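These figures come from a predicted structure and were not determined experimentally.
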Amino acid sequence: QGLQVFAISWRNPTPDQWDWGLETYIQALDEAIDALCEITASPDCNVLGGCAGGITVTTLLAHLAARNKPKVNALTLMVTLFDMSAETQLGMFANPSTIAAAKKHSAKHGVLEGSEMAQVFAWLRPNDLVWNYWINNYLLGNPPPVFDVLFWNADTTRLPAQFHNDLLTVIETNNLVRGRLELLDTPIELAKIDCDVFAMAGLTDHITPWRACYESLDFLSGAKEFVLSSGGHIQSMLVTPGNPKNIFFTNTQRPQDPDVWLSGATEHQGSWWEHWRLWIRKRSGSQKKAPAELGNIHHPPLAPAPGTYVYE
């Protein structure tokens with residue numbers, strides 16, 4: 001234990017990868033976990049996923065549970081919801097006609113361009129994410145402010161058409177929580193996931209509202225800890241320690257009503273990262289001295305971090 005696997009939902013696919021779907025990403029994560037455990041001689045690992053990456057790793061865990069292969073010791077989810085029937089701003093646009101048009105568009109081009117996905121999310125909060133910058137940068141001629149979250153947000157990536165199609169199907173049918181999803185010849189039943197779960201959400205998140213994230217945890221069977229961080233979808237995750245303006249809320253109780261949870265929660269100053277670090281350490285093995293060389297004979301190093309795909 002003590003090994004961390006971070007799930008990133010997508011990369012910039014090339015034409016020969018446009019048919020990559022949710023099953024492809026689950027297989028890739030499964031292979032990565034096998035390689036990691038083989039290199040480190042660990043029986044299992046801890047995984048973390050955010051937003052659609054949270055959905056991806058969760059479906060992987062359900063797939064492993066169906067095969068009775070418990071490779072994951074603890075799961076961390078960031079701004080992730082499973083129940084697509086929850087009231088969200090994004091859900092307002094997710095009607096059958098718009099979903100069909102979106103699927104047709106990405107299928108025609110092979111990918112969903114990152115710029116197009118960024119526009120969808122920006123127009124959910126036009127005053128803050130569209131007109132604010134249009135006035136400041138275009139009308140007033142001011143340079144964009146130097147802000148780490150804006151830099152992160154500007155790093156858009158493309159989705160393979162098939163993966164985009166699979167995610168839209170999950171949104172349209174809500175089959176992830178209805179027990180009607182099957183991947184890699186196994187039923188995806190979230191209730192079969194019984195490992196410990198740490199989940200965080202953003203207080204002002206307009207994409208995956210925190211109440212929906214809180215209620216989505218009811219579909220998992222393991223022991224759960226929920227933390228609410230100040231900020232929106234991106235900013236709630238990127239809260240480096242040391243900033244006194246950051247706050248987060250914790251509550252050891254888990255009432256059914258998320259507002260009751262918040263009313264009984266304790267407010268903390270600082271970053272939820274430090275709280276998570278204590279949580280994950282309790283679910284990790286003893287620290288070991290880092291090996292002198294990366295990989296092993298079966299898994300040699302491929303390229304220096306962060307990997308060649310970053311430059312593609």
Side-chain angles (χ1 to χ4, degrees), residues 4 6-10 46-58 74-84 86-91 117-118 120-130 132-133 145-157 197-218 220 224-252 254 258-280:
Q4 315 303 329
F6 293 83
I8 301 175
S9 299
W10 43 70
N46 299 324
V47 298
L48 178 150
C51 192
I55 292 176
T56 307
V57 296
T58 303
L75 170 66
T76 299
L77 298 172
M78 301 185 298
V79 295
T80 301
L81 64 84
F82 307 128
D83 188 357
M84 302 304 165
E87 293 187 5
T88 66
Q89 286 181 280
L90 188 60
M117 182 166 60
V120 171
F121 292 137
W123 282 105
L124 294 178
R125 289 176 57 191
N127 288 343
D128 296 328
L129 301 179
V130 178
N132 176 50
Y133 302 114
V146 179
F147 191 28
D148 53 356
V149 175
L150 291 181
F151 186 82
W152 175 293
N153 200 47
D155 185 21
T156 61
T157 51
V197 180
F198 182 103
M200 64 74 55
L203 186 62
T204 58
D205 191 340
H206 66 292
I207 297 174
T208 55
W210 76 267
R211 292 175 179 85
C213 294
Y214 179 90
E215 293 171 344
S216 284
L217 290 179
D218 291 338
L220 307 179
K224 312 172 187 79
E225 177 154 355
F226 183 81
V227 169
L228 184 59
S229 172
S230 58
H233 192 67
I234 300 297
Q235 197 168 13
S236 64
M237 292 186 283
L238 305 181
V239 282
T240 53
N243 187 342
K245 295 182 179 180
N246 293 329
I247 61 171
F248 64 95
F249 300 87
T250 63
N251 188 343
T252 57
R254 183 164 170 75
D259 288 304
V260 174
W261 178 92
L262 182 57
S263 65
T266 301
E267 180 179 324
H268 307 269
Q269 188 178 52
S271 171
W272 65 269
W273 292 6
E274 296 173 302
H275 182 76
W276 174 81
R277 182 175 59 181
L278 297 176
W279 184 90
I280 199 68

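- When all heavy atoms are compared, the tightest approach of P244 to Q269 is O-NE2, 3.0 Å.
- Looking only at side-chain heavy atoms (C-beta outward), W273 and N246 stay at 4.5 Å or farther from each other.
- Side-chain N or O atoms of S216 include one that pairs as donor or acceptor with a backbone N or O of D83 at under 3.5 Å.
- Sorted by first and then second residue, the salt bridge (Lys or Arg N to Asp or Glu O under 4.0 Å) pairs involving residues 47-56 (not counting sequence neighbours) form an empty list.
- In this structure, the side chain of T76 does not engage the main chain of L48 through any donor-acceptor pair within 3.5 Å.
- Ring orientation note: the planes of F198 and W272 are close to parallel, at an angle under 30° on the 30°/60° scale.
- When atom types are taken as modelled, the side chain of T208 and the backbone of V79 share a donor-acceptor pair closer than 3.5 angstrom.
- In this view, E215 and P258 satisfy the side-chain contact (heavy atoms from CB on, under 4.5 Å) rule, not counting sequence neighbours.
- Under the 3.5 Å distance criterion, the side-chain polar atoms of N251 are matched with a main-chain donor or acceptor of W261.
- Side-chain N or O atoms of T204 include one that pairs as donor or acceptor with a backbone N or O of G231 at under 3.5 Å.
- Between atom CD1 of residue I234 and atom CD1 of residue I207 there is a gap of 6.5 Å, rounded to the nearest 0.5 Å.
- Shown here are the ring-ring contact (aromatic ring centres under 6.0 Å, His included) partners of F248, two or more places apart in sequence or in another chain: H268, H275.
- Between atom CG of residue D205 and atom CE of residue M200 there is a gap of 8.5 Å, rounded to the nearest 0.5 Å.
- No side-chain donor-acceptor contact under 3.5 Å links W210 to the backbone of V227.
- Side-chain atoms of S236 do not come within 3.5 Å of backbone N or O of A201 as any donor-acceptor pair.
- Under the ring pair (Phe, Tyr, Trp, His ring centres under 6.0 Å) rule, F226 has a single partner from W279, F249, W276, Y214, which is Y214.
- The distance from atom CG of D218 to atom CZ of R254, rounded to the nearest 0.5 Å, is 5.0 Å.
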Please determine whether side chain to side chain contact (heavy atoms under 4.5 Å, CB included) holds for the pair T80 and V57, giving the CA-CA distance in whole Å, both sets of side-chain angles, and the decisive distance to 0.1 Å. CA-CA 11 Å; T80 301; V57 296; over 6 Å; no

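- Contact check for P209 versus L81: side-chain heavy atoms found under the 4.5 Å cut-off.
- Shown here for L203 and S230, the closest heavy-atom pair between the two residues is CB-CA, 4.2 Å.
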